[in-house]
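Shown next, in structure tokens, is the structure this report addresses.
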There are 2 protein chains.
Amino acid sequence: MVLSIRKNKSPEVPNSCPLSECMTVLGGVWTPNVIWCLSGGPRRFSELQIDIPQVSAKVLTTRLRELEKKGVVDRNVKPTSPPSVEYSLTELGNDLIPAIDAIVRVGHKLKENAG
Amino acid sequence: MVLSIRKNKSPEVPNSCPLSECMTVLGGVWTPNVIWCLSGGPRRFSELQIDIPQVSAKVLTTRLRELEKKGVVDRNVKPTSPPSVEYSLTELGNDLIPAIDAIVRVGHKLKENAG
DNA sequence: TTATTAGGTTTCCGTATGGTAACTAAAGGT
DNA sequence: ACCTTTAGTTACCATACGGAAACCTAATAA
């Protein structure tokens, strides 16, 4: 795949700067993409897999669990059979959208330049 | 340290989405921080080391070389003795500032929330 | 002639992390 | 009884990546 954000242990960097703070949340392969997909509204696990075909179930699960733990996404299990699971952005998750937006905008510019 | 953006090989993702495109540029530990530091004006290698104390010379060099190759920073060797090197953002580098800005803003919000 | 400075480079090494693929649970359909 | 579906989990593996520390070069100063 393409890119991830690695999160090493950091015993000696207790109170990081805002930049690193936020990058920690954005950390992990496909994390920004997941947030971006959810910014359009709630999505099911299988839908996210279709949205981001390169992501493996393992990694997608990992990312969603991380984001849930950080309070960025909500996980909602619906009592269907088999149960379906819907993920959505929390308020905190929505706060991230402008940042992702800005990144996407630069991405467009990059593609123009490289195009 | 705290976080990096990993960039794995990706033979099967030729034309990535704008988001991934931009994240590739932001890839690597401390990359956003370096860009952020340079957004205040040109900085020398040793100054960047002071700005970001946790970064090792090896990694800082690697990041700067990558950013240079991607056209994000300029490298300017001054004929002093010993020669000093000044890094600055290119036009493309400046395009990234709004994105970093947005990330920093979220970072502040995160720190408030986390108290 | 020895030390110092700036800006690196190189080596070695550990591990965090992603990929792949096989396996699972529970319910409903046929 | 068996298959399918959803949403994962688990095991195994390879490696990209960062950390630490030693080393390098040329010019100047002491």
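A, B, ... follow the sequence lines: proteins, then strands. Residue 1 opens every chain. Just so we're clear, the structure is a prediction, and the values are computed from it rather than from any experiment.
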Tell me: CD of A/Q54 to P of C/dG19, nearest whole Å?
10 Å
Nearest whole angstrom, please: distance from the P of C/dG7 to the CG of B/D51.
13 Å
Pick the closest DNA chain C nucleotide for A/T80 and for A/V59 by heavy atoms, then say which residue is nearer the 5' end.
A/V59
Checking side chain to side chain contact (heavy atoms under 4.5 Å, CB included) against B/V85, which of B/L48, B/V77, B/L64 comes through?
B/V77
Could you list the donor-acceptor pairs under 3.5 angstrom formed by side chains in residues 36-44 of chain B, with sequence neighbours left out?
unit_1 : atom_1 : unit_2 : atom_2 : d
B/S39  : OG     : B/W36  : O      : 2.6
B/R43  : NE     : B/D51  : OD2    : 3.0
B/R43  : NH2    : B/D51  : OD1    : 2.8
B/R43  : NH2    : B/D51  : OD2    : 3.1

Answer yes or no: is there an ion pair linking A/E66 with A/R63, defined by an N-O contact shorter than 4.0 Å?
yes
Less than 4.5 Å apart, side chain to side chain, heavy atoms only: is that true for A/L89 and A/I97?
yes
Whether each nucleotide of nucleotides 2-10 of chain D has a protein heavy atom under 4.0 Å at its base (B), only at its sugar-phosphate (S) or at neither (-) is summarised, 5' to 3', as ---BBSSBB
Please tell me if the side chains of A/I103 and B/M23 come closer than 4.5 Å, counting only heavy atoms from C-beta onward.
yes
Can you tell me if the side-chain N/O atoms of B/S56 get under 4.0 Å from OP1 or OP2 in D/dG18?
no
Both atom distances under 3.5 Å, Watson-Crick or G-U wobble: I'd like the secondary structure of DNA chain C as a dot-bracket string, with | for pairs made across strands.
||||||||||||||||||||||||||||||
Give the rounded distance in Å between these two atoms: CD1 of B/I50 and C1' of C/dA6.
12 Å
Atom pair distance, as rounded to whole Å: CZ in B/R63 and C1' in D/dG19
13 Å
Taking CG from A/N33 and P from C/dG18, how many angstroms apart are they, rounded to a whole number?
13 Å
Side chain to side chain, A/V104 and B/C22, heavy atoms closer than 4.5 Å
no
So among B/I35, B/L60, B/V59, which one has a side chain to side chain contact (heavy atoms under 4.5 Å, CB included) with B/W30?
B/V59
Got B/N76 and B/Y87 here, is their nearest side-chain heavy-atom distance under 4.5 Å?
no
